[in-house]
Amino acid sequence: MICQNGFNLEKGQNNNRMYQHDILIIGAGLAGLRAAVEGVRNGLNVAVISKVHPVRSHSNAAQGGINAPLVDRGDDWEDHAYDTIKGSDFLADQDAVEIMSREAGDAVIELERMGVIFSRGDDGKLGTRRFGGQKIARTFFVGAITGSAILHVLYEQALKYGLNIYEEWFVTKLIIVEGRCQGVVALDIKTGELHLIQAKAVIIAAGGAGRVFEPSTNALICTGDGIALAWNAGVPVMDMEMIQYHPTTLAGTGILMSEAARGEGAYLLNSKGERFMEKYAPDYMELASRDVVSRAEQTEIDEGRGIDGNVLLDLRHLGREHIESGLGYLQEVAVEFMGVDLAEQPIPIRPGMHYIMGGIKTDSDGATSINGLYAAGECANVSVHGANRLGANSLLDTVVFGRRAGAHAMKYVRDISETFIDEKYLTDERNRLQRMIENNGGERSAAVRNDMARSMTNGVGVFRDQNSMEKAIANMSDIMNRIPNVSIDRKGKIFNTDLVFALELEYMVNIAWSVVNAAITRQESRGAHFRTDITGRDDKNWLKHTLVFKDVNSENGVRVETTPVTITKWKPIERRY
Amino acid sequence: MQVSMRVKRYDPELKENKSWWQGYKLGIHANATILDALIKIREEVDGSLALRCACRASICGSCGMRVNGRARLVCKTRLEEIIQKDGELNIEPLANHSVIRDLVVSVDSFFSKIKEITPYLTPKSEPVTGEFIASNESMENLLKSMNCIMCGVCVSDCTVLEVDKKFIGPAALAKAWRFVEDPRDDEKSQRISYLNDTEGGIWDCTRCMQCVEVCPKDVAPMDRIMEMRETAIRLGHKNSPGYRHSETFYRSVKKHGRLDETLLAISSAGWTNIPRLIDLIPIGFKALIRGKLPPIIPHKAEKKEAIKNIYVKVEKEDE
């Protein structure tokens, strides 16, 4: 029992190699594993720490594909870069987008050589499908399981190189000493023991924060841990108001139906059977940017042309064979979760929270404002997605910037000598967790989380306005007041998920608070941040990023600043699809 | 709807260190999955219930459990369907895995088997530029195995693993198949040699079909194992008990129209494998005492010519 014995200190752990690494990576999804492979195959002592086994990571859920402008196919990196920037509603930093587009081809070819089984064309080369917001087909894919297929192959590479993996360990704190990140305190969920892990550099690749909203396509593990860890350590989070609502999530459960369906030609229909995208995006139709399609759907629903709060995704004209061979996983989900055969019936869908464009502010090498602390993947904001991410750019982001963060961290650690962290960091954390376990406030973490998540969806949804955001802020203040009352049913040590959920809730509340404070700051509509009370984009005043800092001296605990967007060669113009 | 269910609990921190069944009654919507119900229990009734789950969409492989004695992914199993079919709902952790707490099992043994099969591509030479060129059919064929999400459901219900801990098992063997068949891999013959020769390799499957039945992603591990057996034979691996077993089976039935069980036992062991043959002696005696020893001179089927004709016909079709 934790409350009786407390967490045990590992005896003599400073001599234990297992707890000392050159690079420690938090998160074992695509960004984390790609960063890890970079370090470990170059001979560094690298470890990955993840609260779930690597192959359970949420990168699994990416279905449709990965974008890359391959030159030998007549594509041009500038076209991909421009589609990305236009998709971002000109909020992406163009120098970062350029890096991503230029490195995309090599990144995808490298994945293929590692063993990913991409779909191929008749010539035996990798084949493509078309994705939203892009003029041409440049999305490489594995059926509708692209993320899973890549994740499993990166895990294979991790096994090949003998990567150290802390499976089912949960990071409770970053250790920043003398302005440098030097490790973490982490809970081994299986034993309930708390440990210090020292590292010369730490890369946060802990994924998104979808559970801050309800419903969401995200896995139950997407609780923004990494973003909150960095934010609490003093790193600003950028553009947190930019929340992506995916146009096609299942009615009821909110499970994702990949954009690949529309990429392969599926229609969106309203209750009258009309392909309503004609009105909103006559050129791109169903394949406009996600923010545009989600708003169109919500408008149809709000104006009474929906069906029980949904519209329809229709694949019937694609034919059974095409659906089952190219989109097999979608058919599986439709049949198993909705009892709908996609070859026979349209399926009810609606916009659902899917991705957070915002995140830990980093440069294009993944470096944050703290020495030795890096971030990559969904938890980071480089920024390549700006106000709206294009489908199939998230996988690309993870492997390009995962690799870059790994490579830069490798250079950084060369000049860092091993230091030993004072064990007081461990003792402090042990005491904090002990207090949480002993707390008898009577609130269940799940109840608080559900109230928070529903309130966030209402306040900062597909459409938002001053009133809805103020309400969300008020609600969040109440939620934060309830946190000290959260109590934990289980008092034992082994696999105490009840304790983990309480810790996650604290992270989620940090995220939610930065989202609402960023959202209310931006006095315009841009990309996913669409205000019904200020419908226009305002490049004169708001072509800039929002930054939210933790600030214990301010009244509401945060400080919001702005910073310019990097514009290189693409001047912002009106965005039409 | 109102649902009654029982969950197998286990807490190593309790003094008694034993497992028990705990009943729950809860109201839940008619479309709910078993995972929805377990989460509802965890969130509203008993926060101490331990289980793994993440994606809720049958892609992360976290929530493999046994439902009324059969392993399933509970996120894609609807409550109502099971209750209608079985009349009850009993949830247990996966079998063939050691239990950590409640419904959470250790995956160490599962992944140690994965590590055993050299689970990564081993190409000899890579193209200077661009991707490997390979036909789409040859690559899409591999998706049969890439669909595996390592949920452990097949391993749970594998009848061989129940008695033979060394068996590499359906999941890891299905993964091995993916590398054997991958046109980019250069160690196909080394892989097959290992899987053929090692204890617990491809010949230890008894073809009970359980893994094919329970796999939630249609990987059909047993079919993958059978394909590797054929590959092994094609590559000239004829020295294994498994091969001798199937070869003797084939010849015996062809010759006598019936199986000569005595010959099968001796021949599978190998005529020169003295230690294994000595092992068979007590088994033979026990069989004799219980009147179950097969005749030394095998019975012949009455219509063995008809059986021969079946062979002729099938083999013609194969050509």
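Computed over heavy atoms, backbone and side chain alike; hydrogens, waters and symmetry mates excluded.
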Participant: Under a 4.5 Å heavy-atom cut-off, does chain A meet the side chain of Thr118(B), its backbone, both or neither?
Facilitator: neither
Participant: Which one wins on heavy-atom pair count under 4.5 Å against chain B: Gly124(A), Gly339(A), Ala446(A), Gly105(A)?
Facilitator: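 Top option by heavy-atom pairs under 4.5 Å: Gly124(A).
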Participant: For chain A, which of Cys75(B), Pro127(B), Cys148(B), Cys151(B) has the most heavy-atom pairs under 4.5 Å?
Facilitator: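 Option with the top pair count is Pro127(B).
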Participant: Is Asn218(A) in contact with chain B via its backbone, its side chain, both, or neither, using a 4.5 Å heavy-atom distance?
Facilitator: backbone
Participant: As an exercise: rank Thr497(A), Ile494(A), Asp72(A), Asp489(A) by heavy-atom pairs under 4.5 Å with chain B and give me the winner.
Facilitator: Ile494(A)
Participant: By a 4.5 Å heavy-atom criterion (distance strictly below it), what part of Val116(A) contacts chain B: side chain, backbone, both, or neither?
Facilitator: backbone
Participant: Flag the one option from Ala134(B), Ser135(B), Ser48(B) with the top tally of heavy-atom pairs under 4.5 Å to chain A.
Facilitator: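 Of the options given, most contacts go to Ala134(B).
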Participant: Out of Ala447(A), Gly254(A), Gly143(A), Gly115(A), which one racks up the most heavy-atom pairs below 4.5 Å with chain B?
Facilitator: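 Highest number of pairs under 4.5 Å: Gly115(A).
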Participant: Got a salt bridge between Arg490(A) and Asp102(B), using NZ or NE/NH1/NH2 to carboxylate O under 4.0 Å?
Facilitator: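 So Arg490(A) does not pair with Asp102(B) through a salt bridge.
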Participant: At a 4.5 Å cut-off on heavy atoms, which part of Pro119(B) comes close to chain A: side chain, backbone, both, or neither?
Facilitator: both
Participant: Residues of residues 178-188 of chain B under 4.5 Å from chain A (heavy atom pairs)?
Facilitator: Arg178(B), Phe179(B), Arg184(B)
Participant: Over all heavy atoms of both residues, which pair between Val107(B) and Glu167(A) is shortest? Give the atoms and the distance, please.
Facilitator: CG2-OE1, 4.4 Å
Participant: Is it the case that the side chain of Glu112(A) and the backbone of Phe132(B) share a donor-acceptor pair, with hydrogens and angles ignored and the cut-off at 3.5 Å?
Facilitator: yes
Participant: So what's closer than 4.5 Å to chain B heavy atoms on Leu220(A): side chain, backbone, both or neither?
Facilitator: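 Looking at Leu220(A), backbone and side chain both touch chain B.
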Participant: Is there any residue in residues 50-64 of chain B with a non-hydrogen atom under 4.5 Å from a non-hydrogen atom of chain A, and which ones are they?
Facilitator: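 The list, in residue order, reads Ala50(B), Arg52(B), Cys53(B), Ala54(B), Cys55(B), Arg56(B), Ala57(B), Ser58(B), Ile59(B), Cys60(B), Gly61(B), Ser62(B).
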Participant: At what distance, to the nearest 0.5 angstrom, does CG of Asp36(B) lie from OG1 of Thr253(A)?
Facilitator: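 These two atoms lie 8.5 Å from each other.
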Participant: Between Glu332(A) and Lys217(B), does any NZ, NE, NH1 or NH2 come within less than 4.0 Å of an OD or OE carboxylate oxygen?
Facilitator: yes
Participant: Less than 4.5 Å to any heavy atom of chain B: does that hold for the side chain of Val142(A), its backbone, both, or neither?
Facilitator: side chain
Participant: Are Glu137(B) and Arg120(A) ion-paired here, with the side-chain N under 4.0 Å from a carboxylate O?
Facilitator: no
Participant: Do Leu159(A) and Lys115(B) come close enough that some side-chain heavy atom pair is under 4.5 Å?
Facilitator: yes
Participant: Would a 4.5 Å heavy-atom cut-off, applied to side chains only, mark Ser119(A) and Glu140(B) as touching?
Facilitator: yes
Participant: Heavy atom to heavy atom, less than 4.5 Å: which residues from residues 53-63 of chain A reach chain B?
Facilitator: His53(A), Val55(A), Arg56(A), Asn60(A), Ala61(A)
Participant: To the nearest 0.5 angstrom, please state how far the OG1 atom of Thr33(B) sits from the CZ atom of Phe337(A).
Facilitator: 7.0 Å
Participant: May I ask you to test the Ile100(B)-Lys190(A) pair for a side-chain heavy-atom distance under 4.5 Å?
Facilitator: yes
Participant: Which answer fits Met114(A), side chain, backbone, both or neither, if we ask what part of it has an atom under 4.5 Å from a heavy atom of chain B?
Facilitator: backbone
Participant: Hey, what do you get for CG (Leu103(B)) to CZ (Phe495(A)), rounding to the nearest 0.5 Å?
Facilitator: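 Rounded to the nearest 0.5 Å, the CG-CZ separation comes to 11.0 Å.
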Participant: What distance separates Tyr120(B) OH from Lys160(A) NZ, expressed to the nearest 0.5 Å?
Facilitator: 7.0 Å
Participant: Could you check which of Leu151(A), Asp106(A), Ile145(A) has the highest count of heavy-atom pairs closer than 4.5 Å to chain B?
Facilitator: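 Highest number of pairs under 4.5 Å: Ile145(A).
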Participant: Would you mind checking which part of Ser325(A) comes under 4.5 Å of any heavy atom in chain B, side chain (CB onward), backbone (N, CA, C, O), both or neither?
Facilitator: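 No part of it gets close to chain B.
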Participant: Arg444(A) versus chain B, heavy atoms under 4.5 Å apart: side chain, backbone, both or neither?
Facilitator: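 For Arg444(A), the contact with chain B is made by the side chain alone.
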Participant: Should we say atom CG of Asp122(A) is surrounded by more than 12 heavy atoms from elsewhere, each under 6.0 Å from it?
Facilitator: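 No, CG of Asp122(A) has 12 or fewer neighbouring heavy atoms, counting only those of other groups under 6.0 Å.
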Participant: Would you say Glu321(A) has more than 12 foreign heavy atoms packed within less than 6.0 Å of its CD?
Facilitator: no
Participant: Can you establish whether the number of heavy atoms outside Asp218(B) located under 6.0 Å from its atom CG is more than 12?
Facilitator: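 Not buried by this count: 12 neighbours or fewer within 6.0 Å.
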Participant: For Ser216(A), is it the side chain, the backbone, both, or neither that has a heavy atom closer than 4.5 Å to a heavy atom of chain B?
Facilitator: backbone
Participant: Assess the residue pair Glu336(A) and Arg78(B) against the criterion (side chain to side chain contact (heavy atoms under 4.5 Å, CB included)); give the C-alpha distance rounded to whole Å, side-chain angles, the decisive distance to 0.1 Å, and a yes or no.
Facilitator: CA-CA 8 Å; Glu336(A) 301 280 351; Arg78(B) 288 184 54 236; over 6 Å; no
Participant: Examine whether an atom of Ile117(A) lies under 4.5 Å from a heavy atom of chain B, and if so say whether it belongs to the side chain, the backbone or both; otherwise answer neither.
Facilitator: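 Both parts, backbone and side chain.
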Participant: What residues of residues 38-45 of chain B sit under 4.5 Å from chain A when only non-hydrogen atoms are counted?
Facilitator: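 Answer by number: Ile39(B), Arg42(B), Glu43(B), Glu44(B), Val45(B).
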Participant: Quick one: of His29(B), Met146(B), Glu131(B), who has the most non-hydrogen atom pairs under 4.5 Å with chain A?
Facilitator: Glu131(B)
